[in-house]
Amino acid sequence: EDAVILSNFAAGCVVRKLGTAVVTYDEVKTFYGTEPKTEKHPFYKKCVSLEEACVVTQAWRQHGLKIGFTNGCFDVLHPGHLSTIQTARKNCDKLIVGLNTDTSIRTLKGLTRPFQNETVRAEILASLQDVDLIVLFDSYTPKSLIEALQPDVLVKGAEYHIEDLAGAQEIIARGGRVILTDMKKEFSTTRFIEKIQQSQQKRA
């Protein structure tokens, strides 16, 4: 029933256009409003597969929108993460966040991480207005995501060097930008962990 209703709406969008046309993701969203009203229609969720993200980004490009990308574990969301996301969003029209899966985090940071599973981390990121799409990735770096999505802007923290960032050179070669944001050094997941451990040791 839902598919029939939605396809009928999509057909209505097409016939209002001149010539051969397609329906974009943003047009489909207008059927139920800008924001999801219920959990009934999963296509509203920001966390999508890479294949879905490629379709959406293609529609964005057709509208002349600049696409940004950043990535991370976002295990304990803190002001440093928010600063990076906010900076990224200011330099693009649509922001995609590559999110490490639980498996990739365990490979990178050990068996004690992550503290929050990928579903929880994705839901927290999805609640941020600056984030438009979230794509989970299982690999050591997000290079495959960047190659597939071809963002115009890549944003990471200033603790990295451009030459060490996966996909950075490809973005620059296409005429895109790589931005390193100023880090809030007083905030980091590692620091939070250390404080918790110190607090537990004192109680013991």
Side-chain angles (χ1 to χ4, degrees), residues 25-26 29 34-35 44-50 52-101 104-105 108 114 116 118 120-190 192:
Y25 175 77
D26 286 337
K29 285 173 65 176
T34 304
E35 297 298 331
Y44 279 126
K45 293 183 178 180
K46 293 181 180 180
C47 189
V48 298
S49 68
L50 178 56
E52 291 171 315
C54 288
V55 173
V56 175
T57 53
Q58 184 178 6
W60 287 343
R61 284 195 182 88
Q62 290 175 350
H63 284 77
L65 300 177
K66 184 185 294 184
I67 300 167
F69 181 90
T70 189
N71 67 280
C73 300
F74 301 101
D75 198 2
V76 179
L77 197 67
H78 56 69
H81 292 142
L82 295 177
S83 177
T84 298
I85 290 172
Q86 289 165 358
T87 299
R89 193 61 173 78
K90 287 177 182 176
N91 286 278
C92 65
D93 300 307
K94 296 290 185 179
L95 177 62
I96 302 173
V97 176
L99 181 64
N100 289 81
T101 61
S104 66
I105 291 178
L108 290 167
Q116 304 183 99
E118 58 198 46
V120 173
R121 291 183 285 116
E123 287 180 358
I124 293 172
L125 286 172
S127 71
L128 301 179
Q129 187 175 0
D130 288 331
V131 176
D132 294 291
L133 285 182
I134 301 160
V135 182
L136 287 152
F137 67 97
D138 225 358
S139 51
Y140 187 75
T141 74
K143 187 174 182 180
S144 59
L145 266 66
I146 294 171
E147 289 175 346
L149 298 169
Q150 297 188 357
D152 304 294
V153 181
L154 172 64
V155 180
K156 287 292 288 181
E159 76 272 24
Y160 296 94
H161 299 286
I162 291 178
E163 57 270 21
D164 298 327
L165 288 176
Q169 299 305 321
E170 289 82 355
I171 290 175
I172 294 171
R174 292 198 308 270
R177 298 173 60 202
V178 177
I179 300 171
L180 300 180
T181 63
D182 292 331
M183 293 296 296
K184 296 184 180 235
K185 294 182 179 180
E186 65 273 25
F187 296 103
S188 76
T189 303
T190 301
F192 284 133

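Distance CG/L125 to CD/E118: 12.5 Å, rounded to 0.5 Å. Here the CZ-CG distance, from F137 to N100, works out to 3.5 Å after rounding to the nearest 0.5 Å. Separating the CD1 atom in I85 from the CG atom in L77 is a distance of 6.0 Å, to the nearest 0.5 Å. Rounding to the nearest 0.5 Å places CZ of R61 at 6.0 Å from CD of Q150.
Heavy-atom minimum distance, D75 versus Q116: O-NE2, 2.6 Å. Across all non-hydrogen atoms, the minimal contact from D132 to L95 is OD2-N, 2.7 Å.
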Handout entry: W60/I96 under side-chain contact (heavy atoms from CB on, under 4.5 Å): CA gap, chis, key distance, verdict
Key = CA-CA 12 Å; W60 287 343; I96 302 173; 4.1 Å; yes
Practice task
Give the intermediate values and the outcome of side-chain contact (heavy atoms from CB on, under 4.5 Å) for residues L133 and K94.
Solution key: CA-CA 8 Å; L133 285 182; K94 296 290 185 179; over 6 Å; no
Problem - From CA spacing to verdict: side chain to side chain donor-acceptor pair (under 3.5 Å), E52, S49 - result: CA-CA 5 Å; E52 291 171 315; S49 68; 3.2 Å; yes
Problem - side-chain contact (heavy atoms from CB on, under 4.5 Å) between K156 and T70, worked out - result: CA-CA 6 Å; K156 287 292 288 181; T70 189; 4.1 Å; yes
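Put simply, the side chain of R121 never gets that close to the backbone of P114: no donor and acceptor are under 3.5 Å apart. At least one donor-acceptor pair closer than 3.5 Å links the side chain of T57 to the backbone N or O of A53. Put simply, the side chain of K46 gets close to the backbone of L128: a donor and an acceptor are under 3.5 Å apart. In this structure, D93 contributes its side chain and K66 its backbone to a donor-acceptor pair below 3.5 Å. With hydrogens and angles ignored, the 3.5 Å screen pairs a side-chain donor or acceptor of H78 with a backbone N or O of G80. Using modelled atom types, one side-chain atom of R174 and one backbone atom of P151 make a donor-acceptor pair closer than 3.5 Å.
In terms of the side chain to side chain donor-acceptor pair (under 3.5 Å) criterion, D152 has no residue partners (sequence neighbours excluded). Remark: N71 engages no residue in a side chain to side chain donor-acceptor pair (under 3.5 Å) (not counting sequence neighbours).
Looking at F69 and C92, their side chains never come closer than 4.5 Å, going by heavy atoms from C-beta outward. Within the 4.5 Å cutoff, no side-chain heavy atoms of Q129 are placed close to those of R89. I146 is not listed as a side-chain neighbour of E170, based on a closest heavy-atom distance of 4.5 Å or more. Residues L99 and F74 are in side-chain contact: their nearest non-hydrogen atoms beyond the backbone lie under 4.5 Å apart.
Annotation: Q58, atom CD; neighbour count of heavy atoms from other residues, nucleotides and ligands within 6.0 Å does not exceed 12. Counting heavy atoms of neighbouring residues, nucleotides and ligands inside a 6.0 Å radius, atom CD of Q62 exceeds 12 of them.
A donor-acceptor pair shorter than 3.5 Å cannot be found between the side chains of D138 and S104. Side-chain contact annotation: S144 with E147, donor-acceptor N/O pair under 3.5 Å absent.
The side-chain contact (heavy atoms from CB on, under 4.5 Å) test with V178 is passed by exactly one of V153, V155, I162: I162. Each of L50, V56, I67 was evaluated against L149; a single residue qualifies, L50, per the side-chain contact (heavy atoms from CB on, under 4.5 Å) test.
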